[in-house]
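In what follows, chains carry the letters A, B, and so on, assigned in the order in which the sequence lines appear, proteins first and then strands, with residues in each chain numbered from 1.
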Amino acid sequence: MSVKKEPDKGLKPLVVKEGEKVVMRFAPNPNGPPTLGSARGIVINSEYVKKYGGTFIIRFDDTDPQTKRPMLEAYDWYIEDCTWLGAAPDKVVIASDRIQIYYDYAEKLIEMGQAYVCFCEGGDFKNYKDAKEACPHRDESVEVNLHHWKKMIANEYEEKVAVLRIKTDIKHKDPAIRDFGAFRIVKMPHPRPEVGNKYVVWPLLDFEGAIEDHELGMTHIIRGKDLMDSETRQTYIYKYLGWDYPKTTHWGRIKIHEFGKFSTSGLRHAIEEGEYSGWDDPRLPTLRAMRRRGIKPEAIRKFMIEMGVGETDVSISLDTLYAENRKLVDLTANRYFFVWDPVEMEIQGAEPRTATPPLHPTEDRGHRTIEVGTKMFICKDDTESLEVGDKLRLKDLYSIEITSLTPLQAKHTSDSMDTVIKGEKRIRIIHWAPIDGAPVKVLAPHGEFNGIGERQIANELDNLVQFERFGFCRIDSVDHEIVAYFAHK
RNA sequence: GCUCCGGUAGUGUAGCCCGGCCAAUCAUACUGGCCUUUCAAGCCAGCGACUCGGGUUCGAAUCCCGGCCGGAGCACCA
């Protein structure tokens with residue numbers, strides 16, 4: 001008999017042994033700032049730890065000084081962004097500080113006859129491997145291998161000459177498993193000054209991760225399914241050393257419509273070229289950019305948790321994230337007028353006056369005040385298809401009728417809302433900005449908008465506001481002009 | 001070439017392990033309506049899916065086999 005469960009909100013339960021304290025980790029290579037992709041790993045792992053009351057570790061897998069060279073600032077950025085996401089780590093480990101530990105285990109495995117120094121050139125090893133044959137170095141004695149290994153770490157070989165391999169099963173039906181590389185020689189100094197050129201032999205991910213996951217007492221691992229074969233490879237190390245492998249779950253690739261495919265190194269290059277203003281450019285999928293745009297960490301958490309940990313590759317739109325964020329900020333964001341592509345309009349027959357639109361349509365938070373003379377700005381968009389005789393309602397001000405298109409002129413017709421006929425003949429309500437308003441620039445993923453806004457926007461530094469009929473924006477600076485970062489509609 | 005994994009509405013997800021309660025959940029998107037001094041929010045309604053073919057069974061989204069499609073690994077990247 002099967003028992004139907006309640007629709008399970010949130011994450012699937014973890015298999016936890018009795019008395020076991022959950023330890024999980026997020027293990028990035030800090031070669032750039034965390035992105036929305038990283039957020040998945042950060043949120044899901046930390047959420048599980050929260051759920052089960054365990055330890056959340058951030059481990060920097062920074063063992064490649066060359067190809068995926070770590071970025072010094074990024075170490076702090078990860079901690080910063082994790083904390084922002086409500087996932088402050090209980091412990092931080094940096095792999096490049098722990099190379100000696102990996103050397104010790106390497107030596108141990110060599111002594112056990114389960115690792116060997118391979119001198120195969122170019123594609124030689126691949127040929128042996130594809131033929132399911134051992135290369136000549138595989139059967140060297142422990143003494144010889146130990147000797148070669150010592151020479152390796154003593155910097156007596158050039159790059160690409162020698163590599164330490166872990167013995168698996170050279171006849172394994174899956175070629176991906178056969179005798180994988182564990183250490184290689186890289187002479188480029190590590191970017192961290194405390195490491196520098198201390199080492200020339202660096203562990204590969206499968207080795208470093210295997211050792212660390214055990215050293216740090218990991219109970220559960222969640223990672224991308226591109227690392228699925230890692231478990232099979234690493235299990236050989238665990239078997240040799242008599243360890244238990246953590247419980248592993250995988251998730252599929254995640255692709256975000258709005259950003260398409262991107263790589264950290266590609267973004268870095270584009271930033272250096274000046275294509276983007278920096279790592280927090282609103283067009284980028286980094287967490288720094290999200291934060292600057294006013295996306296709340298809670299929205300990202302919900303979004304990631306809702307997505308769960310399926311093995312299917314997902315191709316998602318940020319609409320859901322934006323909807324989540326809108327729910328969080330709608331009640332607190334004050335409303336303002338921002339006129340993009342402003343067009344000047346003169347009103348005939350209107351006395352100067354003070355408009356007092358509410359700061360929020362439903363929440364009672366008071367009013368803003370705008371002095372209005374005989375001229376104002378409206379959006380160019382709203383003037384397209386406009387004809388003489390058209391009636392418009394200027395929001396929170398009065399109704400007008402267009403009397404001329406060039407120059408744009410209108411006459412005041414009524415203060416009363418009665419002129420805004422209900423039903424199908426309802427006239428258009430548009431927003432406007434005072435002639436002496438403040439210059440506003442909005443930086444959005446889809447472009448830059450320049451225009452005029454209410455002066456009081458300057459009081460909202462760092463707040464998320466809604467520019468009516470435009471969208472939610474975070475006020476980023478108010479110095480010479482007001483600069484806002486666009487969050488979403 | 002060898003090996004592994006996956007395929008539920010436009011998108012994401014629940015259900016699959018343990019077959020019947022599934023004419024399939026929720027969210028988002030979209031459409032229409034209500035409300036409204038924003039193209040926002042809110043409320044109501046609608047739309048829309050089990051990859052295909054066989055098998056097992058009284059009964060299959062769920063189990064088995066095959067096809068098709070997609071993704072991944074076989075790096076001195078992570």
Side-chain angles (χ1 to χ4, degrees), chain A residues 1-9 12 27-31 61-64 66-70 95 118 120 122 125-126 129-130 132 159-165 172-178 180-186 201-202 204-206 208-209 223-230 232-233 250 252-255 257 264-265 302-303 306-308 310-324 326-327 329-331 333 335 337 357-358 360-363 381-382 393-399 417 420 422 426-431 466-472 488-489:
Chain A
M1 280 291 277
S2 73
V3 182
K4 287 284 175 191
K5 283 172 247 162
E6 287 297 303
D8 203 0
K9 277 288 153 210
K12 286 197 183 76
N29 174 13
N31 61 339
D61 284 348
D62 59 343
T63 55
D64 176 12
Q66 194 155 36
T67 316
K68 289 191 176 171
R69 190 171 173 79
C118 173
C120 284
F125 180 78
K126 182 171 166 44
K129 182 185 68 181
D130 288 347
K132 298 187 181 179
E159 287 188 2
K160 300 201 181 268
V161 168
V163 51
L164 187 80
R165 294 189 182 283
H172 198 284
K173 63 172 181 171
D174 183 351
I177 306 306
R178 301 170 199 156
F180 62 93
F183 288 83
R184 86 302 204 186
I185 301 169
V186 180
V201 171
W202 292 91
L204 272 333
L205 181 70
D206 279 334
E208 180 263 332
R223 60 186 170 200
K225 67 177 183 181
D226 49 319
L227 263 29
M228 244 172 183
D229 292 335
S230 283
T232 317
R233 284 192 287 259
H250 298 97
R253 301 292 271 197
I254 172 170
K255 198 170 83 189
H257 290 313
T264 306
S265 53
K302 268 193 154 178
F303 179 67
E306 165 69 18
M307 193 154 63
E311 274 190 28
T312 39
D313 297 328
V314 295
S315 180
I316 47 150
S317 155
L318 252 24
D319 282 344
T320 318
L321 172 67
Y322 295 156
E324 211 62 70
R326 197 179 294 120
K327 283 176 198 163
V329 301
D330 186 50
L331 253 33
R335 268 56 170 175
F337 291 150
H360 194 279
T362 57
E363 303 298 291
D381 287 352
D382 289 323
R393 176 72 184 190
L394 296 174
K395 189 166 187 292
D396 300 305
L397 189 60
Y398 46 61
S399 302
M417 272 301 281
V420 181
K422 308 281 179 187
R426 190 170 188 217
I427 73 170
R428 211 141 51 101
I429 298 168
I430 65 167
H431 70 291
Q466 189 204 43
F467 289 150
E468 299 197 45
R469 305 209 303 147
F470 184 76
F472 291 87
H488 47 73
K489 285 206 69 149

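Within the 4.0 angstrom heavy-atom criterion, no nucleotide atom of any strand lies near A/R428. At a threshold of 4.0 angstrom between heavy atoms, the contacts of A/L205 include nucleobase atoms, whether or not backbone atoms are also involved. Contacts of A/D313 with the nucleic acid, taken as non-hydrogen atoms under 4.0 Å apart, involve only primed sugar atoms and P, OP1 or OP2. At a threshold of 4.0 angstrom between heavy atoms, the contacts of A/R335 include nucleobase atoms, whether or not backbone atoms are also involved. If you check every strand for non-hydrogen atoms under 4.0 Å, A/K395 touches a base. Residue-level contact check: A/R69 touches neither bases nor backbone, having no heavy atom under 4.0 Å from any strand. Using a 4.0 Å heavy-atom distance criterion, A/L204 is classed as a sugar-phosphate-only contact. Among the protein residues, A/T362 comes within range of no part of the nucleic acid, since none of its heavy atoms lies under 4.0 Å from any strand. Residue contacts shown for A/D382 include a base, since a base heavy atom lies under 4.0 Å away. Note on A/F470: nothing from the nucleic acid sits closer than 4.0 angstrom, heavy atoms only. Within the nucleic acid shown, A/D319 comes within 4.0 Å of sugar-phosphate atoms alone, with no base atom in reach, counting heavy atoms only. Nucleic acid contact class of A/P357 (heavy atoms, under 4.0 Å, all strands): none. Contact annotation for A/S230: no contact, since no heavy-atom pair falls under 4.0 Å across all strands.
If A/V314 and A/R165 are placed on RNA chain B by their nearest nucleotide, the residue sitting closer to the 5' end is A/V314. For A/D330 and A/A162, each mapped to the nucleotide of RNA chain B holding its nearest heavy atom, the one lying further toward the 5' end belongs to A/D330.
Looking at the side chain of A/R326, the nearest of the listed nucleotides B/rA29, B/rC26, B/rC2 is B/rA29. Of all nucleotides listed (B/rG12, B/rU38, B/rC74), B/rU38 comes nearest to the side chain of A/Q466. Here the nucleotide nearest the side chain of A/M228, chosen from B/rA78, B/rA29, B/rC5, is B/rC5. For A/I429, taking side-chain heavy atoms from C-beta onward, the closest of the listed nucleotides B/rU37, B/rC77, B/rU13 is B/rU37. The side chain of A/T312 lies closest to B/rU8 when the candidates are B/rG73, B/rA78, B/rU8. With B/rG71, B/rA75, B/rC76 as the choices, the nucleotide that has an atom nearest any side-chain atom of A/K129 turns out to be B/rA75. Closest to the A/L227 side chain, of the nucleotides B/rU38, B/rA27, B/rA78, is B/rA78. You'll find that the side chain of A/A176 is closest to B/rC74, out of B/rC77, B/rA41, B/rC74. The side chain of A/F472 lies closest to B/rA40 when the candidates are B/rA40, B/rU11, B/rA27. Of all nucleotides listed (B/rG12, B/rC5, B/rA78), B/rC5 comes nearest to the side chain of A/E311.
If you measure from atom CG of A/L331 to atom P of B/rA40, you get 17 Å, rounded to the nearest angstrom. Atom CD1 in A/I185 sits about 11 Å away from atom P in B/rC77, given to the nearest Å. In this structure, A/K126 atom NZ and B/rC76 atom P are separated by 10 Å, rounded to whole Å. Going from atom NZ of A/K173 over to atom P of B/rC4 covers 4 Å, rounded to whole Å. If you measure from atom CZ of A/F183 to atom P of B/rC77, you get 13 Å, rounded to the nearest angstrom. Rounding to whole angstrom units, CZ of residue A/R184 and C1' of B/rA75 are separated by 10 Å. The CG atom of A/D64 sits 6 Å away from the P atom of B/rC77 (whole-angstrom rounding). Taking atom NE2 of residue A/H257 and atom C1' of nucleotide B/rG12, one finds them 9 Å apart after rounding to whole Å.
For B/rU62 and B/rC52, the P atoms lie 10 Å apart once the distance is rounded to whole Å. On the C1' atoms, B/rC17 is 22 Å away from B/rC26, given to the nearest whole Å. One P atom belongs to B/rA60, the other to B/rA23, and the distance between them is 11 Å to the nearest Å. When the C1' atom is used for both B/rA27 and B/rU8, the distance is 15 Å, rounded to whole Å. Nucleotides B/rC39 and B/rU51, compared at atom P, are 40 Å apart to the nearest Å. Nucleotides B/rA9 and B/rA61, compared at atom C1', are 14 Å apart to the nearest Å. B/rG32 and B/rA14 are spaced 31 Å apart, taking the P atom of each and rounding to whole Å. Across the C1' atoms, B/rA49 and B/rC30 are found 16 Å apart, a figure rounded to whole Å.
Here A/K12 reaches the OP1 or OP2 of B/rA14: one of its side-chain N or O atoms lies under 4.0 Å away. For B/rA78, the OP1/OP2 oxygens have a side-chain nitrogen or oxygen of A/T63 closer than 4.0 Å. Of the side-chain N and O atoms in A/K489, none sit less than 4.0 angstrom from OP1 or OP2 of B/rU38.
Distance CH2/A/W202 to CZ/A/F183: 11.0 Å, rounded to 0.5 Å.
Residue-environment remark: NZ (A/K302) stays at or below the threshold of 12 foreign heavy atoms within 6.0 Å.
Counting heavy atoms from C-beta outward, A/P357 and A/R335 have side chains that stay 4.5 Å or more apart. Annotation: side chain of A/T320 is not in contact with side chain of A/E306 (no heavy-atom distance under 4.5 Å). At a threshold of 4.5 Å between non-hydrogen side-chain atoms, the residues A/K225 and A/D313 count as touching. Side chains of A/R428 and A/R393 form no contact here, defined as non-hydrogen atoms less than 4.5 Å apart. With a 4.5 Å cut-off on side-chain heavy atoms, A/H431 and A/D396 do not count as touching. A/I316 places a side-chain heavy atom less than 4.5 Å from the side chain of A/I254.
A donor-acceptor contact shorter than 3.5 Å is absent between the side chain of A/D382 and the backbone of A/I430. With hydrogens and angles disregarded, a donor-acceptor distance shorter than 3.5 Å links the side chain of A/R178 to the backbone of A/K129. Looking at A/R326, its side chain does come within 3.5 Å of a backbone N or O of A/K489 through a donor-acceptor pair.
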Inset, instruction - State the dot-bracket string of RNA chain B. Criteria: Watson-Crick or G-U wobble, both atom distances under 3.5 angstrom; notation: ( ) intrastrand, [ ] crossing earlier pairs, | interstrand, . unpaired. - result: (((((((..(((.......[.....))).(((((.......)))))....(((((..]....))))))))))))....
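Ion pairing between a basic and an acidic side chain is recognised when a charged N comes within 4.0 Å of a carboxylate O; A/R184 and A/D64 show such pairing.
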